[in-house]
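Positions are given from 1 along the sequence. Each ligand, and each atom within it, is numbered from 1 in the order the structure gives.
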Amino acid sequence: MSMIAAFYDNKSILITGATGFLGKVLMEKLFRTSPDLKVIYILVRPKAGQTLQQRVFQILNSKLFEKVKEVCPKVHEKIKPIYADLNQKDLAISKEDVKELLSSVNIIFHCAATVRFDDPLRHAVQLNVTATQQLLHIASQMTKLEAFIHISTAYSNCNLKHIDEVIYPCSVEPKKIIQSMEWLDDAIIDEITPKLIAGRPNTYTYTKALGEMVVQEEGSNLNVAIIRPSIVGATWQEPFPGWVDNLNGPSGLIVAAGKGFLRSIKATPMAVADLIPVDTVVNLTLAVGWYTAVHRPKPTLIYHCTSGTTNPCNWGKMGLQVLATFEKAPFERAFRRPNADFTTNYFTASYWNAVSHRAPAIIYDFYLRLTGREPRMTKLMNRLLRTISMLEYFINRSWEWSTYNTEMLMSELSPEDQRVFNFDVSQLNWLEYIENYVLGVKKYILKEDMAGIPEAKQHLKRLRNIHYFFNTALFLIIWCLLIARSQMARNMWFFISPLYNL
Ligand SMILES: CCCCCCCCCCCCCCCC(=O)SCCNC(=O)CCNC(=O)[C@H](O)C(C)(C)COP(=O)(O)OP(=O)(O)OC[C@H]1O[C@@H](n2cnc3c(N)ncnc32)[C@H](O)[C@@H]1OP(=O)(O)O
Ligand SMILES: NC(=O)C1=CN([C@@H]2O[C@H](COP(=O)(O)OP(=O)(O)OC[C@H]3O[C@@H](n4cnc5c(N)ncnc54)[C@H](OP(=O)(O)O)[C@@H]3O)[C@@H](O)[C@H]2O)C=CC1
């Protein structure tokens with residue numbers, strides 16, 4: 001019998017960010033392993049014309065929740081969506097809802113955040129710092145609260161090379177940052193942003209670091225714990241391999257490479273690709289929830305959820321396996337044949353950007369114009385290159401994260417819990433995982449049927465022939481121009497041509 005699963009039975013759980021990538025997998029595992037839990041409250045906002053109920057309905061009817069419906073047929077009754085917007089004061093939760101939460105919640109998992117790298121500092125502070133502070137304020141009034149688990153990122157201190165499971169203070173206190181956002185205007189905030197984030201590549205990592213400080217300072221009267229996952233990828237094992245549903249991190253680049261838009265990238269092949277499967281993060285999160293509530297460790301424990309220390313994989317190996325999977329199961333209607341050249345040199349990268357990315361986009365747009373259609377490829381390519389420039393920081397460096405607390409937790413689990421809530425990535429087979437990841441991107445993001453693989457292969461063959469034809473034509477044109485203009489080229493031609501008749 002799993003002690004962790006039993007712990008969540010009859011509990012009222014509050015999850016923020018439950019409609020996100022991590023939140024959905026967290027909810028799924030909770031329902032699957034602890035179907036007797038009392039209720040999961042989720043803080044949700046209406047989005048894309050969908051009401052809260054419609055959003056919940058869509059999640060529960062997805063493939064991810066198929067197993068849950070078998071083990072927990074009443075899952076619809078056990079999810080309670082609560083209107084909330086983390087952009088607004090007091091999270092915009094109604095008084096009645098706050099009252100219900102205060103009297104019933106046992107465990108909080110705070111996953112919601114803005115994960116955009118280019119968010120203006122004001123917005124990132126509101127989501128990742130102020131909203132966390134307000135949630136802690138509500139949590140401190142909850143009469144039955146046993147644990148508050150905050151999801152941060154392993155990159156919150158990416159300005160350091162070696163990172164321990166401790167909180168590193170930022171130069172300006174979060175309270176001062178929050179206050180200053182109230183009166184500074186946008187232009188001044190934009191001006192001071194580079195100075196504040198100093199050493200970090202974006203507002204995301206900076207505000208996640210501030211969020212951790214808030215949790216430590218304002219959660220001191222609660223049982224809190226912080227989890228720092230690295231780059232969260234598709235599921236490894238549960239509920240099935242390869243599930244992924246958004247374009248963040250590697251997933252977007254896999255789509256771009258598989259469709260032939262992205263053909264080279266400035267990346268260091270030997271740098272560690274610190275991916276961590278989303279189900280591993282969820283297993284650790286649930287184990288931390290249990291441990292924090294039952295053992296009440298003081299001071300606040302931070303858990304690194306990374307793979308590089310125990311089972312390192314590098315970007316070079318990952319890139320090759322991604323390409324090998326494209327060979328077996330190509331994506332449909334590719335723009336060009338997939339390729340992924342890694343270069344560490346700025347000038348080579350700029351050259352390939354011009355030749356492999358921008359030039360084909362301009363040529364294709366020219367073709368679209370000629371055939372009376374709206375050109376769109378250059379715009380799409382510019383967007384992709386902007387995205388890549390933001391990810392480059394993470395694919396050209398390696399970090400070391402210590403994992404003492406995570407190892408300590410593993411040793412505290414019973415053998416059954418180690419099996420059901422496995423977060424030991426030393427058992428992960430990278431080649432198999434990456435293949436399933438790419439297939440997951442194909443099936444669950446691009447919604448492509450595996451039956452379409454023969455046609456996709458045919459399409460790639462056609463692209464290869466076009467490529468050969470295009471190159472031969474280009475060669476002949478250049479050669480004819482040379483012969484017309486250069487005596488040396490003509491001499492060479494007269495020298496070579498009799499050889500063909502031998
Ligand atoms: C060969 C293989 C090598 C693999 C090599 C992997 C390296 C992979 C390193 C990751 C390293 C992370 C390390 C930190 C890990 C955390 O702790 S953070 C969690 C991860 N967070 C992220 O990845 C967020 C990154 N994304 C962003 O910040 C924003 O999407 C960007 C990049 C600023 C783009 O903003 P934008 O231009 O306003 O675009 P946005 O509105 O987001 O989306 C526009 C379109 O692009 C699409 N799109 C969005 N993101 C992407 C993307 N990443 N790629 C492609 N398309 C995208 C959208 O679906 C959308 O399509 P439409 O709906 O318009 O058709
Ligand atoms: N993905 C990754 O690689 C990593 C993620 N993390 C951390 O994990 C956590 C979850 O990330 P992930 O699931 O990938 O992110 P997603 O972007 O998939 O999910 C973010 C969640 O936050 C919610 N949210 C955002 N803004 C608001 C708002 N104004 N009001 C209410 N809810 C809001 C979103 O709701 P909605 O659906 O309405 O937009 C969504 O549920 C984050 O804390 C992130 O920092 C850490 C390391 C890596």
Side-chain angles (χ1 to χ4, degrees), residues 14-28 41-52 54-56 58-59 64 81-93 108-117 119 122-132 134-135 149-158 163 202-212 214-215 226-235 243-253 273-282 284-285 302-307 390-391 394 399 401 437 445:
L14 172 65
I15 302 181
T16 71
T19 50
F21 177 45
L22 181 64
K24 280 183 231 173
V25 182
L26 177 65
M27 225 168 24
E28 193 277 341
Y41 294 104
I42 58 173
L43 299 191
V44 204
R45 55 181 172 167
K47 199 175 179 187
Q50 284 189 312
T51 62
L52 309 192
Q54 284 167 333
R55 294 194 74 184
V56 172
Q58 195 181 29
I59 293 173
L64 182 71
I82 288 189
Y83 176 89
D85 188 344
L86 273 61
N87 270 319
Q88 292 182 37
K89 193 169 177 294
D90 297 330
L91 314 183
I93 308 177
I108 298 178
F109 294 107
H110 179 33
C111 308
T114 171
V115 300
R116 291 183 68 97
F117 293 155
D119 245 348
R122 186 194 295 287
H123 188 248
V125 166
Q126 173 60 38
L127 262 288
N128 297 347
V129 193
T130 315
T132 301
Q134 289 170 344
L135 187 66
I149 311 303
H150 175 76
I151 309 294
S152 185
T153 164
Y155 296 96
S156 55
N157 302 292
C158 58
I163 302 158
N202 51 43
T203 53
Y204 168 69
T205 48
Y206 174 63
T207 53
K208 290 299 276 188
L210 288 176
E212 292 181 2
V214 164
V215 172
I226 296 175
I227 297 174
R228 287 185 184 150
S230 46
I231 303 168
V232 183
T235 51
W243 184 83
V244 56
D245 81 337
N246 75 21
L247 287 170
N248 285 336
S251 315
L253 295 196
D274 209 303
L275 253 68
I276 188 85
V278 62
D279 44 338
T280 305
V281 182
V282 161
L284 176 70
T285 303
I302 291 141
Y303 300 85
H304 282 162
C305 191
T306 56
S307 58
M390 287 189 195
L391 299 182
F394 301 94
W399 288 265
W401 288 277
Y437 194 160
I445 297 183

Name the option, out of I59, T205, T16, T19, that contains the heavy atom nearest to atom 35 (O) of ligand 2.
T19
Excluding sequence neighbours, so at least two apart, what forms salt bridge (charged side-chain N to carboxylate O under 4.0 Å, His left out) with K208?
none
Heavy-atom nearest neighbour of atom 20 (C) of ligand 2 within options G17, A113, A84
A113
If the plane angle is over 60° it's perpendicular, under 30° parallel, otherwise tilted; pick one for Y155 and F394.
perpendicular
Would P229 count as a polar contact of ligand 2, with the cut-off being nitrogen or oxygen pairs under 3.5 Å?
no
Quick one: closest heavy-atom pair of S156 and A209, and the distance?
O-CB, 3.5 Å
Closest candidate by heavy atom, reference atom 48 (C) of ligand 2, pool G233, S230, P46, G23
S230
Proximal candidate to atom 23 (C) of ligand 2 [heavy atom criterion; set A112, A92, G211]:
A112
For ligand 2, indicate whether the residue Y155 contacts it via side chain, backbone, both or neither (heavy-atom separation under 4.0 Å).
neither
Please compare V115, L52, T114, V278 and report which has the shortest non-hydrogen distance to atom 11 (O) of ligand 2.
V115
Side chain or backbone, does L127 bring an N or O within less than 3.5 Å of an N or O on ligand 2?
no
Examine the side chains of Y437 and S251 and answer whether a donor and an acceptor come within less than 3.5 Å of each other.
yes
Which atoms form the tightest heavy-atom contact between S230 and L275, and what is the distance?
OG-C, 4.2 Å
For ligand 2, the portion of A154 having any non-hydrogen atom under 4.0 Å away:
neither
For K208, which part has a heavy atom under 4.0 Å from ligand 2: side chain, backbone, both, or neither?
side chain
Could you see which bit of N246 sits under 4.0 Å from ligand 2, with heavy atoms only: side chain, backbone, both or neither?
side chain
Residues that R122 engages under side chain to side chain donor-acceptor pair (under 3.5 Å), provided they are two or more places apart
D186
Evaluating non-hydrogen atoms only, which member of R55, K24, H110 is closest to atom 37 (O) of ligand 2?
R55
